Amino acid sequence: MPLTIGIPRETAAGEKRVATVPEVVEKLIKLGFMVAVESGAGDAANCSDDVYRIAGAEIIGGAAQLWAKSDIVFKVCVPTSAEVDLMREGGTLIGFIWPAQHPELMRQLAAKKATVLAIDSLPRQLSRAQKMDALTSQAGVAGYRAVIEAANAFGRFFNGQITAAGKVPPAKVFIAGAGVAGLAAIGTAVGLGAIVRANDTRAEVADQVKSLGGEFVKVEYEEEGSGGGGYAKVMSEGFQQAQREMYAKQAREVDIIITTALIPGKPAPRLITAEMVQSMKPGSVIVDMAAERGGNCELTEPGQAVVKHGVTIVGYTDLNSRLAKQSSTLYGTNLFRLTEELCKTKDGIINVNMEDDAIRGLTVIKEGNITWPPPAPKLPAAPAKPAAAKAAAPAAKGHGHGGGSEPMAGGTLAIMFGAAAVLFLLIGAYAPPAFLGHFTVFVLACFVGYMVVWNVTPALHTPLMSVTNAISSIIAIGALVQVAPPVDVAEGRGLILGLSVAALALTAVNMLGGFAVTQRMLAMFRK
């Protein structure tokens, strides 16, 4: 019998998201599941009960009935103790759990003999796990919303403008941390026309910052900052001191600071001190995306937007809920992709395969047994280095030279150049002057043509050769001259005329075809 997936209403204060949306309900039903939704669960995300019904879901009146009916429960926020009490014994729970921070909750779920998949424990370093990565999708939404909140609190345009009333300079935005949320913030701020700078302890993200149109601000201290799993690690005191000096300089120069720095399992690092806030220009804005973990700014008040020293400090902890429909759609899609991995047979029955690295990482409790923390995932082995090329075939015995792969001997090269010089001397001595001039042009043309093709990227050889063919059709001029030969040429006039007409026809095909092929090839590289 197919299992029932339950979608309860989120009970956390201010939470507007829902674990799945009607569009995803239809896909879950196609996998063979039945879907039950608590009445009103999607109201705050603009997903009414009627729309869920049309999608094929059953609407359940209360939380107790919903939890009792559901074999699998999808949730957004960490479940409360009261919600775990409502859960069916032996049921399955999928959502954010944060097992390291909630040991008592883990024990309570284990006592229910539950199977729990924590979406926050996904091994993000696995490329096939990206489609299930809810942390990334939610961070992208939060980064976008952070810029919108900054724009709302800022007293000017983001983009520079020149109007009849005067010139408006562009806003300067500094983003501390270029992870998923930071990169989303960079792209949004650049799109609004601001001058964007960013910093991260991981030097490898510099190219990503530049690709989005931002400027990477480097700390003048050499230390590797990658902590694995897409996060940064705690840096040394020397690096932190150099970083503080850089932040202090940026605080004096920019109009808006957005901080995103978080380290798993630890309080948010303090990056912006009270002195830095005091040094900022009046009307400046700080958006602290780490407010839920204490904040990156010393003066942040979690959940509030406050003004201190003339600077607005936004410490909202519900950035995702402020875009509830978008966040819910992305999160529901992540859970659907996970469900596809759990139900490859499409019969409405899940299989929690502990041999699968992605599923093993997600599974923190299996049938009442706590399986967290998981072992390190088996990453694919690095490709083996190609074997060293074999040495060239040994030289034959005696005085002869070896195989053709060996460089030409100096004596042979001198003989060849000598023979060529003698040949050119004979041509110059006995050939007519007109022939010598044409021959010189021919040799130079061959050299120039070779060098042109040799120095062009191979990917462009086809359009290059096609347009070269078209340009080289200057032969048409010669054909046109011969169509009407001089009057003193009497013999072979008909043959010359016929060859000239044929040359004109073939040259026309060459020219038109060359330009046509070039245009078609270049069109492949245009947006």
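Source: prediction; values computed, not measured.
Scanning both residues, Leu362 and Ile119, for their nearest heavy atoms gives CD2-CA, 3.7 Å. Of all non-hydrogen atoms in Pro169 and Arg156, the two that sit nearest each other are O-NH2, 3.5 Å. For the pair Thr345 and Ile349, the tightest heavy-atom approach, listed with the atom from each and the gap, is OG1-O, 4.4 Å. Of all the heavy atoms in Val209 and Ala198, the pair that sits closest is CG1-CB, 4.0 Å. Contact between Cys47 and Pro22 at its shortest, heavy atoms only, is SG-CD, 3.7 Å. Heavy atoms only, all atoms of each residue included: Ala178 and Leu183 are closest at O-CG, 3.6 Å.
Looking at Lys131 and Asn334, their side chains never come closer than 4.5 Å, going by heavy atoms from C-beta outward. Counting only heavy atoms from C-beta outward, the side chains of Met280 and Ile256 never approach each other to under 4.5 Å. No side-chain heavy atom of Pro2 sits less than 4.5 Å from a side-chain heavy atom of Phe33. Looking only at side-chain heavy atoms (C-beta outward), Arg124 and Val180 come within less than 4.5 Å of each other. Between Ile257 and Ile175, every side-chain heavy-atom pair lies at or beyond the 4.5 Å cut-off. Contact check for Thr4 versus Ile72: no side-chain heavy atoms found under the 4.5 Å cut-off. Contact annotation: the side chain of Ile97 approaches that of Met106 to within less than 4.5 Å [non-hydrogen atoms, C-beta and beyond]. Residues Pro99 and Ser121 have side chains in contact (heavy-atom distance under 4.5 Å, counting atoms from C-beta outward).
Between the side chain of Glu367 and the main chain of Lys113, no donor-acceptor pair closer than 3.5 Å is present. At least one donor-acceptor pair under 3.5 Å links the side chain of Thr260 to the backbone N or O of Ala176. In this structure a side-chain-to-backbone donor-acceptor pair under 3.5 Å is missing from Ser328 to Lys325. Remark: side-chain polar atoms of Glu341 are not paired, donor with acceptor, to backbone N or O of Ile359 under 3.5 angstrom. In this structure, Ser70 contributes its side chain and Val73 its backbone to no donor-acceptor pair below 3.5 Å. For Ser321 (side chain) and Ala324 (main-chain N/O), no donor-acceptor pair under 3.5 Å exists by modelled atom type. With hydrogens and angles disregarded, no donor-acceptor distance shorter than 3.5 Å links the side chain of Thr363 to the backbone of Leu117.
Between Glu10 and Lys16, none of the side-chain N atoms (NZ, or NE/NH1/NH2) sits under 4.0 Å from a carboxylate O, so this pair counts as no salt bridge. Ionic pairing of Glu58 and Arg53 is not present here: no N-O contact between side-chain nitrogen and carboxylate oxygen is shorter than 4.0 angstrom. Under 4.0 Å is where a charged nitrogen must lie from a carboxylate oxygen, and between Arg244 and Glu275 no such pair does. Using a cut-off of 4.0 Å between Lys/Arg side-chain N and Asp/Glu carboxylate O, Asp356 and Arg128 are scored as salt-bridged. Using a cut-off of 4.0 Å between Lys/Arg side-chain N and Asp/Glu carboxylate O, Glu340 and Lys344 are scored as not salt-bridged.
Separation of atoms CG (Leu319) and CD (Glu292) is listed at 9.5 Å; rounding is to 0.5 Å. To the nearest 0.5 angstrom, Glu15 atom CD is 3.5 Å from Cys77 atom SG. One distance of note links CG of Leu28 with CD of Glu26; it measures 10.0 Å at 0.5 Å rounding. To the nearest 0.5 Å, atoms CD (Gln130) and CD (Gln125) are separated by 11.0 Å. Note: Thr20 OG1 to Lys75 NZ = 14.0 Å, rounded to the nearest 0.5 Å. Once rounded to the nearest 0.5 Å, the distance linking OG1 of Thr80 with CG of Leu86 reads 8.0 Å.
Atom NZ of Lys69 sits in a sparse spot, with 12 or fewer heavy atoms from other residues, nucleotides or ligands closer than 6.0 Å. When the shell of 6.0 Å around OH of Tyr247 is examined, it contains more than 12 heavy atoms from other residues, nucleotides or ligands. The environment of NZ in Lys218 is crowded: more than 12 heavy-atom neighbours from other residues, nucleotides or ligands sit within 6.0 Å. More than 12 heavy atoms of other residues, nucleotides or ligands lie within 6.0 Å of CZ in Phe216, so this atom counts as buried by the packing criterion.
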Candidate pair Asp85 and Lys112, rule salt bridge (Lys or Arg N to Asp or Glu O under 4.0 Å), full reasoning: CA-CA 8 Å; Asp85 289 338; Lys112 279 279 188 177; 5.6 Å; no

Asp255/Val285 under side-chain contact (heavy atoms from CB on, under 4.5 Å): CA gap, chis, key distance, verdict: CA-CA 7 Å; Asp255 303 299; Val285 177; over 6 Å; no

Residues Gln278, Val311; criterion side-chain contact (heavy atoms from CB on, under 4.5 Å); working and verdict: CA-CA 8 Å; Gln278 196 168 1; Val311 177; over 6 Å; no

Intermediate values then yes/no, side chain to side chain donor-acceptor pair (under 3.5 Å), Gln250 and Asn199: CA-CA 10 Å; Gln250 294 300 319; Asn199 167 262; over 6 Å; no

Residues Met34, Leu3; criterion side-chain contact (heavy atoms from CB on, under 4.5 Å); working and verdict: CA-CA 6 Å; Met34 295 184 289; Leu3 302 178; over 6 Å; no

side-chain contact (heavy atoms from CB on, under 4.5 Å) assessment of Val116 paired with Thr92: CA-CA 6 Å; Val116 181; Thr92 300; over 6 Å; no

Working for side chain to side chain donor-acceptor pair (under 3.5 Å), residues Thr329 and Glu23: CA-CA 8 Å; Thr329 301; Glu23 296 86 349; 5.3 Å; no

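Cation-pi geometry between Arg322 and Tyr316 is met: under 6.0 angstrom from the ring centre, within 45 degrees of the axis. Cation-pi geometry between Arg9 and Trp67 is not satisfied (NZ or CZ under 6.0 Å from the ring centre, within 45° of the ring normal).
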Could you go through residues 296-306 and list every donor-acceptor pair under 3.5 Å that involves a side-chain atom there, pairing it with any protein atom two or more places apart or in another chain?
unit_1: Asn296; atom_1: OD1; unit_2: Thr259; atom_2: OG1; d: 3.2
unit_1: Asn296; atom_1: OD1; unit_2: Ala261; atom_2: N; d: 3.1
unit_1: Asn296; atom_1: ND2; unit_2: Ala261; atom_2: O; d: 3.0
unit_1: Asn296; atom_1: ND2; unit_2: Pro269; atom_2: O; d: 2.8
unit_1: Glu298; atom_1: OE1; unit_2: Ala274; atom_2: N; d: 3.0
unit_1: Thr300; atom_1: OG1; unit_2: Asp288; atom_2: OD2; d: 2.7
unit_1: Thr300; atom_1: OG1; unit_2: Cys297; atom_2: O; d: 3.4
unit_1: Glu301; atom_1: OE2; unit_2: Lys308; atom_2: NZ; d: 3.2

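No side-chain N or O of Asn320 forms a donor-acceptor pair with one of Gln326 less than 3.5 Å apart. Side-chain contact check for Thr136 and Asp133: at least one donor-acceptor pair (N or O, by modelled atom type) lies under 3.5 Å. Between the side chains of Asp49 and Ser39, at least one donor N or O lies within less than 3.5 Å of an accepting N or O. In this model, a donor atom of one side chain and an acceptor atom of the other lie less than 3.5 Å apart for Gln138 and Arg17.
Among the candidates Lys172, Lys281, Arg197, the single residue satisfying the side chain to side chain donor-acceptor pair (under 3.5 Å) test with Glu253 is Arg197.
Relative orientation of the Trp98 and Phe96 rings is parallel, given thresholds of 30° and 60° on the angle between their planes.
The distance between the ring centers of Phe336 and Phe74 does not fall below 6.0 angstrom.
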